[in-house]
Amino acid sequence: MGRPDGLPIFFGATLRYMCKHSVGIVALLLLGILFASCAGPGGRARPGAVEPSIRVCLSESTGELLFEAGSAVIVLAPGRRAVFENPVTMSCSVNDDGRIELRSASGDTVTVGGALRMYTKVHDGSISFEKREYSDTLLLATDGERLYLINILPLERYLYGVLPNEIGRNRKPSDIAAVEAQAILARTYALNKIRLPLTRLFDVYDDARDQVFSGKGAQDPTSTAAVQKTRGLVVTQNGQPAECYYHSTCGGSTEHPSNVWSRHQSAGHLTGIRDKEKRRSFCAISPSFRWTEIYTRSAMENVLRTWLPSANEAIKETDIPGENWYLLDINLLKRSQSGRVTTVQIVMGNRAQQRSYYVHADRIRRALRRPDGTPLRSTLFDIHLERNAQRWISLIRIDGGGNGHGVGMCQWGAISRSREGQSPERILQAYFPGTRLRTMY
């Protein structure tokens, strides 16, 4: 949630195709920008007096996409307009010549190259995709191989479908300042994505690579009220939307981005803070404030053989021998000022030979995954190895604190601060010192 990696750069996703079809790609990008600019209320305005629209990628697929709508659907493409009468069931795929083919159950078909957009004839209608309801405009675009589904909608309406996933549903009245702070922060994050160059077909993903967006049907009254109350309000640095992130639970201290994503240090408002008062951590109320994971040696070996290559690009699958190599040691070599582990050494081998593997920063969570296969909750941890009489590892226990990357606002800390009477502005200034709130539209 609120991460800088996984940027949806369209060129990166279609590099091979671009080499052969650069003219078509440029045309597709122009179509995407054109469709975004006439996407409904607000349009795709730059941050300023007018509410901008945002382009949310719902799917990148080489397969067939299925849609349903309870009212008539209007389909627009350059020089083409079609109406699929209700009730509508549609399927969409890329045909053999690289064109989009949209078909209704009644036999109506629209075939175009590049992109098309569709929306319901009824003003407040929606189109269903993968059991979720989406309002406003759906853009379908192709590079000739992959099919991209993008929801284009006003930014505030996007936030209605984000907040319940990020701060939780049905929050207590005492939590409202934290919900409003989350609304301001989610808006700031989204505005920064919209401000990025238009050499992209979309602004954000609908999942944890950016912010989790579940469409129209996922809205929550408390979250919606928080979005409406803070309309247009963002965190700013030097008058511009500030670089901001958030996570579930910091465990007592937030973190420098450079220690998490192996990048140059960000602005001063992201230096990390001690999230405590009178030796009490604000996020101590979180279910993930302290936790323990336990593995047998064989279970940890399976985790490492599966996930080490994805946690360090220098490690290839062929670099990790099979069943005759065992886990010999795990050493925590470096920590950041907040106490998070920044370098782990993993030693595997047998009595005849051994090899060390190194994993750094937030990628450690990918390598030392939990027994259920999900990433380790945080890098704020200690590790304890139990050994048998022959000095082989028999059991691994990881005792940790926090949940998430640790950068920016701690959501459980914000909830605790809210329950103590802090305002949304005070909460945000605590996690992003030196910033100011500003209404952008």
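Quantities reported herein were computed from a predicted structural model and do not represent experimental measurements.
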Starting from the C-alpha separation in whole Å, work towards a yes-or-no answer on side chain to side chain contact (heavy atoms under 4.5 Å, CB included) for Q411 and S248. CA-CA 5 Å; Q411 291 169 312; S248 168; 4.1 Å; yes

So that I can tick it off, tell me whether [Y] and [X] are bridged by a salt bridge, with the cut-off set at under 4.0 angstrom between side-chain N and carboxylate O.
X	Y	result
D175	K172	no
R103	E101	yes
E425	R436	no
R363	E313	yes
D136	R117	no
K229	E180	yes

Here's one to test your reading of the geometry: is the NZ or CZ of R55 within 45 degrees of the ring axis of F202 and under 6.0 Å from its centre?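 Judged by the rule (NZ or CZ under 6.0 Å from the ring centre, within 45° of its axis), R55 is not positioned above F202.
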
Between R369 and W307, is NZ or CZ placed under 6.0 angstrom from the six-membered ring centre and within 45° of the ring axis?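 Flagged: R369 positioned over aromatic ring of W307.
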
To the nearest 0.5 Å, what is the distance between [atom1] ([X]) and [atom2] ([Y])?
X	Y	atom1	atom2	answer
Q345	N331	CD	CG	4.5 Å
L102	S91	CG	OG	7.0 Å
L270	Y431	CG	OH	14.0 Å
F129	L66	CZ	CG	8.0 Å
S336	E255	OG	CD	3.5 Å

Listed by chain and number, what are the salt bridge (Lys or Arg N to Asp or Glu O under 4.0 Å) partners of E420, not counting sequence neighbours? R280

Closest approach of T249 and C410, non-hydrogen atoms and distance?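 So the minimum-distance heavy-atom pair works out to CA-SG, 3.7 Å.
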
Heavy-atom closest pair, residues I100 and A115: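 Looking at all heavy atoms of both residues, the closest pair is CD1-CA, 3.9 Å.
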
Test L304 against every option in I320, L368, V359 by the side-chain contact (heavy atoms from CB on, under 4.5 Å) rule and name the one that passes. L368

Looking at L327, I294, L395, I346, which hits side-chain contact (heavy atoms from CB on, under 4.5 Å) with M300?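 Passing option: L327.
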
Is any side-chain heavy atom of D203 less than 4.5 Å from a side-chain heavy atom of V56? no

Once you measure the plane-to-plane angle for Y246 and Y189, does it fall in the parallel (<30°), tilted (30-60°) or perpendicular (>60°) bin? perpendicular

Parallel, tilted or perpendicular for F213 and Y158, by the 30°/60° rule?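 Aromatic pair F213/Y158 classed tilted.
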
